[in-house]
Amino acid sequence: MIDVSAQGIDAPRTPLSREFYARDPAIVARELLGKWLIRQAADGAISAGRIVEAEAYLSSRDRACHATRGKSPKNATMFGPAGHAYVYAIHARWCLNAVTEGIGVPSAVLIRAMEPLVGIDLMQLRRGLEKNLDLARGPARLCAALDVTKHYDGWDLTAGRELWIADDPTLNGKQLKIIRSRRVGVTSAHHRLLRFFIAGSPYVSGRRSVLTARHSALFRRPAT
DNA sequence: CTACCGATTGACT
DNA sequence: GTCAATCGGTAGA
């Protein structure tokens, strides 16, 4: 359930490798759950949290992917090497992706929600909001909480400075319960199950009632 | 230059 | 549940 044991722990410094990202985006999205997303501001202040929700966008074989109709200045980063940040604007807000697969294959994982763990005061300040649950619940809220803007489009997430992703130092081999569902807000390829989130996490985006219904439906299993 | 559109959010009934 | 504000990116005149 809600794991607050990580609060007060230092953010991990060792970034995930290029090889981690250079795989199928559905696998990367699935495996990014539980990882820490870390932001270090110019003055050294750290803000970070645990990724609880991510979506895969599969290059030319996915109609919902921004790169499905070819390269443009906006999506150029997705055509570059894996492990770089792809930051784009939607409805006047920023969203953060991690580029996956190889050069010339424009796929990525959208990081949709995070459980705030470190630097919560700073994230509250950036969001103009106190409520911990809503600080990074949604891709644009997450970017606002971490002050991720167009400035970080193309940023190398494997360099381990300013913005990176690392293994959870508190996980200790624990297995996460993960649910797979349709992606949020996409207008094409709506049926594809390319959204992944941690079961029961209150930091996952979407309406609570919808989440609970979907949750129980997907968890129902025939007795064995 | 103008005219849309959207991987969103927050306010509202 | 509904709805519209918001503005960067993009296409087209």
Side-chain angles (χ1 to χ4, degrees), chain A residues 21 24-30 32-33 37 49 51-80 82 84-101 105-116 123-155 157 165 179-197 202-214:
Chain A
Y21 297 101
D24 185 284
I27 293 173
V28 176
R30 161 79 177 65
L32 275 177
L33 299 184
L37 174 59
I51 296 169
V52 298
E53 179 185 358
E55 287 177 352
Y57 288 87
L58 318 184
S59 72
S60 56
R61 58 198 191 276
D62 177 9
R63 297 272 288 283
C65 181
H66 286 161
T68 195
R69 284 180 204 82
K71 196 171 179 176
S72 76
K74 168 188 166 179
N75 65 26
T77 304
M78 259 202 285
F79 288 78
H84 287 247
Y86 163 48
V87 179
Y88 72 91
I90 180 72
H91 292 275
R93 295 142 206 270
W94 301 111
C95 294
L96 171 67
N97 296 251
V99 174
T100 52
E101 298 184 289
V105 183
S107 65
V109 171
L110 171 66
I111 300 172
R112 286 195 56 91
M114 178 184 87
E115 173 187 351
M123 291 191 273
Q124 287 173 331
L125 193 68
R126 287 171 178 148
R127 289 268 293 119
L129 183 83
E130 301 234 331
K131 202 175 166 205
N132 203 344
L133 277 176
D134 290 337
L135 278 185
R137 204 168 68 87
R141 291 165 167 174
L142 181 151
C143 281
L146 295 179
D147 190 28
V148 170
T149 65
K150 185 72 179 168
H151 173 74
Y152 286 100
D153 185 36
W155 188 263
L157 297 171
I165 304 174
I179 300 179
R180 186 171 187 167
S181 77
R182 294 179 177 195
R183 291 174 290 187
V184 176
V186 298
T187 50
S188 50
H190 182 58
H191 62 284
R192 302 186 72 168
L193 301 177
L194 292 172
R195 171 175 178 244
F196 302 83
F197 59 95
Y203 300 96
V204 171
S205 74
R207 300 295 287 269
R208 188 91 59 213
S209 57
V210 173
L211 201 69
T212 309
R214 176 182 294 147

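Order of the sequence lines fixes the chain letters, A, B, ..., with proteins taken first and strands second; residue numbering starts at 1 for each chain.
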Candidate nucleotides C/dC7, B/dA7, B/dT9, ranked by approach to the side chain of A/Thr187 - the nearest = B/dA7
Could you list the residues that satisfy side-chain contact (heavy atoms from CB on, under 4.5 Å) with A/Ala29, not counting sequence neighbours?
-> A/Ala54, A/Ala56, A/Val109, A/Phe196
Quick one: list whatever passes side-chain contact (heavy atoms from CB on, under 4.5 Å) with A/Ala67, sequence neighbours left out.
-> A/Cys65, A/Asn75, A/Met78, A/Phe79, A/Pro106
Given C/dT6, B/dT9, B/dA7, the nucleotide with the shortest approach to the side chain of A/His66 = B/dA7
Output a table of nitrogen or oxygen pairs between the protein and nucleotides 9-12 of chain C separated by less than 3.5 Å.
residue : atom : partner : partner atom : Å
C/dT10  : OP1  : A/Ser72 : OG           : 2.3
C/dT10  : OP1  : A/Lys74 : N            : 3.4
C/dT10  : OP2  : A/Lys74 : N            : 3.3

From CG of A/Leu142 across to C1' of B/dT9 the rounded distance in Å is 14 Å
Decide, applying a 5.5 Å centre-distance limit and a 30° plane-angle limit (both strict), whether A/Tyr88 stacks on B/dA7.
-> no
Base, sugar-phosphate, or nothing for A/Arg127, non-hydrogen atoms under 4.0 angstrom?
-> sugar-phosphate
Please state whether the phosphate of B/dG10, meaning OP1 or OP2, lies under 4.0 angstrom from any side-chain nitrogen or oxygen of A/Arg141.
-> yes
When pairs are called at under 3.5 Å and a stem needs at least three consecutive Watson-Crick or G-U pairs, the stems of DNA chain C are B:1-6 with C:7-12, B:8-12 with C:1-5
Would you be so kind as to tabulate the donor-acceptor pairs closer than 3.5 Å made by side chains of residues 184-191 of chain A, with sequence neighbours excluded?
residue  : atom : partner : partner atom : Å
A/Ser188 : OG   : A/Arg63 : O            : 3.2

Hits for side-chain contact (heavy atoms from CB on, under 4.5 Å) against A/Asp153, two or more places apart or cross-chain, chain-then-number order -> A/Thr77, A/Tyr86, A/Val87, A/Lys150
With heavy atoms under 4.0 Å as the rule, sort A/Arg183 into base, sugar-phosphate or nothing.
-> nothing
